[in-house]
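Only heavy atoms go into these numbers, but all of them, side chains included; no hydrogens, no water, no symmetry mates.
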Amino acid sequence: MSHWYQPHEQWPRHPKPWWRETIDLARSAEWHLQIVEGHAWGRIVCDPEMDKPCRILIFSSGTGGESAALTARRTIQRCDHPAAAESGRILLRVVELLDRAEALLEAASRCLRASGKMAEAEELLLSAVTAADEAEKLAQALSREEDSNRLVVAAFEVLPEGSELGCPPTEVQVEALIINASAHADEAQQLADDLPVKNSDDVLQVRIDQVRARVTDLSSQLGQGWDANGSSSA
């Protein structure tokens, strides 16, 4: 039987002061403590989830304990596994934020395109001047409405879980999608800037810049107008 202690938990007290100092250092460095059965007092591990983490076995007593504790401190100070693991977790979060932002923007884009199709249909009907002209333009208008409906359905297909969208979508709802996408991009940028281990490539930065550019573009399209029926003005 063994028991793991997380860095934020209260760890057992080692009987030797030199090991207590080493254990305190490990805990402050976000290491984990495993209390094991047998001759050893326990084991400190930099990251138990890694395949090959740094491990240090600690005994309750015995000769050379003070020297072993000093060596362990140097191992803790040299270890860069927690920083790398934290970078990996942050990178995953950045990717999740960007995936969600892109999905929100795609939904908003499809809503805007759908409203544009609906506006085209209304204009066609209003512009008919003869019976024959009306029949032709009615057929065109119905085609535009079908395109609009397909785009609305497509918007719901890419909408991230937890996001709201009416049927038909309203201007306020589409604006909220764009605002949320922008907020995700800002959070992704902050996390990327604070990475403990910097990524050598700029793939994430490119995605962040693309999301922000699309936010600007869709906000501009939305700002061109939206009528009472939920259609953007032509």
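- Annotation for Val94 and Ala192: closest pair CG2-N, 4.1 Å, computed over non-hydrogen atoms.
- Of all non-hydrogen atoms in Ala181 and Leu104, the two that sit nearest each other are N-CD1, 3.7 Å.
- Of all the heavy atoms in Cys46 and Cys79, the pair that sits closest is CB-SG, 3.7 Å.
- The OG atom of Ser60 lies 9.0 Å from the NZ atom of Lys16; values are rounded to the nearest 0.5 Å.
- In the hydrophobic cluster analysis, where Ile, Leu, Val, Met, Phe, Trp and Tyr join through side-chain heavy atoms closer than 4.5 angstrom, Trp18 is grouped together with Leu25.
- Annotation: the span from Arg100 atom CZ to Leu105 atom CG amounts to 12.0 Å, rounded to 0.5 Å.
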message: Go through it in stages, so that I can follow the logic: the residues are Arg207 and Asp99, the test is salt bridge (charged side-chain N to carboxylate O under 4.0 Å, His left out), and I'd like the CA-CA distance, side-chain angles, deciding distance and then a yes or no.
response: CA-CA 9 Å; Arg207 286 189 66 187; Asp99 287 345; 2.8 Å; yes
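- Checked by atom type and distance alone, the side chain of Arg43 never pairs as donor or acceptor with a backbone atom of Leu57 at under 3.5 Å.
- By the rule that hydrophobic residues join a cluster once side-chain heavy atoms approach within less than 4.5 Å of another member, Ile56 and Val45 end up as members of separate clusters.
- Between the Trp4 side chain and the Ile35 main chain, no donor and acceptor come within less than 3.5 Å of each other.
- Trp41 and Ile23 get closest at one heavy-atom pair: CZ3-CD1, 3.5 Å.
- Although no hydrogens or angles enter the test, the distance criterion places a donor-acceptor pair under 3.5 Å between the side chain of Arg27 and the main chain of Glu9.
- In terms of heavy atoms, Ala26 sits closest to Ile76 at CB-CD1, 3.6 Å.
- Between the CD atom of Gln205 and the CD atom of Gln210 there is a distance of 10.5 Å, given to the nearest 0.5 Å.
- A distance of 8.5 Å separates CD in Glu21 from CD in Glu66, rounded to the nearest 0.5 Å.
- By the rule that hydrophobic residues join a cluster once side-chain heavy atoms approach within less than 4.5 Å of another member, Leu33 and Phe59 end up as members of separate clusters.
- With hydrophobic clusters built from ILVMFWY side chains whose heavy atoms lie under 4.5 angstrom apart, Tyr5 shares a cluster with Ile58.
- Taking every heavy atom of both residues into account, Val211 and Ala185 meet most closely at CG1-CB, 3.7 Å.
- Leu191 and Val95 fall within the same hydrophobic cluster, where Ile, Leu, Val, Met, Phe, Trp and Tyr residues are linked whenever their side-chain heavy atoms come under 4.5 Å apart, directly or through other members.
- Remark: the Gln6 side chain and the His32 side chain contain an N/O donor-acceptor pair separated by less than 3.5 Å.
- Atom OG1 of Thr75 sits about 8.5 Å away from atom CD1 of Ile44, to the nearest 0.5 Å.
- Judged by distance alone, with hydrogens and angles left aside, the side-chain atoms of Asp217 form no donor-acceptor pair with the main-chain N or O of Ala213 at under 3.5 Å.
- Residues Arg214 and Glu102 are not paired through a salt bridge, judged by the lack of any N-O separation under 4.0 Å between the basic side chain and the carboxylate.
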task: Please lay out, stage by stage, how Leu177 and Leu218 fare under the test side-chain contact (heavy atoms from CB on, under 4.5 Å).
output: CA-CA 10 Å; Leu177 297 181; Leu218 293 179; over 6 Å; no
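- Side-chain N/O atoms of Asp186 and Gln190 include no donor and acceptor closer than 3.5 Å.
- Taking CG of Asp24 as the reference point, atom CH2 of Trp19 lies at 12.5 Å (rounded to 0.5 Å).
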